[in-house]
Amino acid sequence: MNYKNAYKKLKQYNQLHLLEHYHSLNASGQKSLLAQIDDINFDILDVLNCKEENNNADTVPIEALQIETIRSKEEIYKKTGLETIKKGELALVLLAGGQGTRLGYPGPKGTFNVGITKDLYIFELLIMHTLKVVEEADTWIPFYIMTSDKNHDETKAFFKKHNYFGYNPAYIFFFRQEMVPSVDFGGKVVLEEKGKICMSPNGNGGWFSSLDKAGLLEGILHSNVKWINVFSVDNVLQRIADPVFLGAIIEENYESGGKVVKKVCPEERVGVLCTKNNMPYIVEYYELTEKMRNEKNADGEYAYNYGVTLNYIFPVSKLISIMNEHMPLHVVKKAIPYIDEDGNPVIPSAPNGYKFETLALDMIRFMDNCLPFEVDREKEFAPIKNAAGADSIDTARELLKKNGIEL
Ligand code: UTP
């Protein structure tokens with residue numbers, strides 16, 4: 001793309017400021033900026049003008065499969081789950097492409113050291129949890145790791161340096177998610193350097209198509225894999241490849257499932273698995289009205305009582321059939337690095353603009369049904385989102401200790 005075409009393209013989207021420093025760049029800087037402008041699909045910015053209607057009229061919470069029931073059938077579920085894993089029918093996808101802006105840690109979140117008297121990294125903990133199932137099933141489980149351009153090399157190098165924490169490297173695959181431009185609150189795409197447009201990971205919702213674009217779906221299709229367990233990087237207590245969870249989905253004839261925890265209070269900031277117009281749907285905490293939050297069911301329990309934890313199992317066949325479906329794009333406030341008027345880089349400490357993200361939880365909408373599978377939050381829910389306060393390093397450390405994990 002030459003300067004003239006870039007100018008024309010940007011004018012159409014009201015983004016001409018991106019060429020403001022063009023003439024101060026050297027030849028390779030100019031070439032690189034023009035290539036970035038060429039690559040970006042600015043249509044994504046249209047979402048800023050859409051006001052999605054929030055109508056909860058047909059939203060009904062799905063009853064969770066509760067811990068007591070799970071315990072009473074645990075042996076059956078576990079047997080089925082383990083047999084399925086032994087047959088090589090389960091693969092794992094770790095979503096590690098996020099930037100963890102709330103934690104404020106400079107490296108990939110998985111490289112964060114939660115240890116106190118010894119090193120114990122988040123990635124290490126996730127691998128440790130998975131190794132338990134690998135041992136029990138006596139088979140390696142393919143472990144896919146989604147990264148982004150911002151942390152791919154560092155993540156890969158970290159695993160290599162630590163010998164994959166004992167996992168068989170032949171079963172670990174890294175792939176990158178796509179990037180989209182970030183904007184300031186006025187809708188202007190942000191320059192991170194004079195010749196560099198600020199790009200951010202496009203959310204965790206595109207993981208399956210990114211897996212495909214990376215050429216890894218081929219391998220899955222040529223294997224026995226029928227199910228994918230997808231999960232976040234930050235819940236350091238979660239059970240991954242949980243045979244009881246997988247077995248419950250199969251035994252109870254569900255198409256997919258999501259691990260849920262009992263909310264600590266009606267206001268807790270977690271999504272709730274529901275149906276909307278009879279299709280599975282996760283209602284976000286900010287979509288719950290006061291009335292919905294406090295609604296009780298016949299047992300006297302809060303109706304919207306179970307929050308999702310970003311640990312889902314989906315069938316591969318369905319994921320393939322929905323790959324080209326339109327996923328809703330969410331506009332999220334984030335702290336975005338930018339350059340000031342003199343061209344000096346600034347790293348803001350508070351949100352100063354928007355990123356655009358699709359979310360894995362929206363995949364639920366395309367499933368015929370989804371089983372909310374309750375897990376004990378004291379044993380399986382220790383997310384590290386913030387540096388301090390709720391869902392932080394301190395709360396996670398406390399829970400890890402309670403569960404007998406030496407720090
Ligand atoms: P979060 O919603 O917590 O986002 O991600 P984040 O970017 O990690 O953190 P904040 O909001 O900036 O503080 C939930 C999970 O989804 C992954 C994260 O790595 C985490 O495992 N994720 C998020 C991606 O893989 N890609 C993304 O673009 C966003």
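Every number for a ligand or one of its atoms is a count from 1 in the order of the listing. Reckoned from all heavy atoms, side chains included, excluding hydrogens, waters and symmetry mates. On a predicted model such as this, the values are computed, not experimentally measured, just so you know. Heads up: numbering here begins at 1 and tracks the sequence.
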> What is the closest protein heavy atom to atom 6 (P) of ligand 1, and at what distance does it sit?
Replying inline: G100 N, 3.6 Å

> Does the distance from a Lys or Arg side-chain N to an Asp or Glu carboxylate O, for E325 and R365, drop under 4.0 Å?
Replying inline: no

> Is the charged tip of K9 near the ring of F42: under 6.0 Å from the six-membered ring centre and within 45° of its axis?
Replying inline: no

> Run the side chain to side chain donor-acceptor pair (under 3.5 Å) check on E178 and S210 step by step: do they pass?
Replying inline: CA-CA 7 Å; E178 276 111 272; S210 297; 2.9 Å; yes

> For atom 2 (O) of ligand 1, what is the nearest protein heavy atom, given as residue, atom name and distance?
Replying inline: R102 NH2, 4.0 Å

> How far is atom 28 (O) of ligand 1 from its nearest protein heavy atom, and which residue and atom name does that atom have?
Replying inline: G203 N, 2.8 Å

>> I need the atoms of ligand 1 closer than 4.0 Å to a non-hydrogen atom of D234, numbered in the order shown.
In response: 3 (O), 20 (C)

> K334 heavy atoms, cut-off 4.0 Å: which ligand 1 atoms fall inside?
Replying inline: 7 (O), 10 (P), 11 (O), 12 (O)

> Considering only protein heavy atoms, which is closest to atom 29 (C) of ligand 1, and at what distance to one decimal place?
Replying inline: G98 CA, 3.7 Å

> Under 4.0 Å from any heavy atom of L95, which atoms of ligand 1 are there?
Replying inline: 17 (C), 18 (C), 19 (O), 20 (C), 21 (O), 25 (O)

> Nearest protein heavy atom to atom 12 (O) of ligand 1, by residue and atom, and its distance?
Replying inline: T101 OG1, 2.5 Å

> How close does the nearest protein non-hydrogen atom get to atom 16 (O) of ligand 1, and which residue and atom is it?
Replying inline: N204 ND2, 2.9 Å

>> What I want to know is whether Q177 and ligand 1 share at least one N or O pair that is separated by under 3.5 angstrom.
In response: yes

>> Show the atoms of ligand 1 that are less than 4.0 angstrom away from any heavy atom in M146.
In response: 25 (O)

>> Applying salt bridge (Lys or Arg N to Asp or Glu O under 4.0 Å) to K79 and E83, what does each step give before you reach the verdict?
In response: CA-CA 6 Å; K79 186 167 174 281; E83 274 167 10; 3.4 Å; yes

>> Check this for me: does any side-chain nitrogen of one of E89 and K226 sit under 4.0 Å from a carboxylate oxygen of the other?
In response: yes

> Are any of the N/O atoms in L103 less than 3.5 Å from those in ligand 1?
Replying inline: no

> Taking heavy atoms and a distance under 4.0 Å, where does A96 meet ligand 1: side chain, backbone, both or neither?
Replying inline: backbone

> Ignoring hydrogens and geometry, is there a side-chain-to-backbone donor-acceptor pair from H129 to V236 under 3.5 Å?
Replying inline: yes

> Quick one: salt bridge (Lys or Arg N to Asp or Glu O under 4.0 Å) partners of K402, sequence neighbours excluded?
Replying inline: E378

> Can you check side chain to side chain donor-acceptor pair (under 3.5 Å) on T155 and T147, steps first, answer last?
Replying inline: CA-CA 8 Å; T155 304; T147 63; 5.9 Å; no

> By number and element, which atoms of ligand 1 are closer than 4.0 Å to a non-hydrogen atom of L310?
Replying inline: 14 (C), 15 (C)

>> Tell me the protein heavy atom at minimum distance from atom 25 (O) of ligand 1, and give that distance in Å.
In response: G97 N, 2.8 Å

> Salt bridge between E20 and K194, side-chain N to carboxylate O under 4.0 Å?
Replying inline: no

> When you measure from atom 7 (O) of ligand 1 to every protein heavy atom, which one gives the shortest distance, and what is it?
Replying inline: Q99 N, 3.1 Å

> So is K109 polar-close to ligand 1, meaning N/O to N/O under 3.5 Å?
Replying inline: no

> For ligand 1, which atoms, with element, lie under 4.0 Å from some heavy atom of K385?
Replying inline: 1 (P), 3 (O), 14 (C)

> For ligand 1, which atoms sit closer than 4.0 Å to a heavy atom of S232?
Replying inline: 15 (C), 21 (O)

> Using the ring of each side chain (for Trp, its six-membered ring), is Y354 parallel, tilted or perpendicular to F185, with breaks at 30° and 60°?
Replying inline: perpendicular

>> Please enumerate all residues that pass ring pair (Phe, Tyr, Trp, His ring centres under 6.0 Å) together with F381, with sequence neighbours excluded.
In response: none

>> Is it true that N386 and D391 share a donor-acceptor pair across their side chains at a distance under 3.5 Å?
In response: no

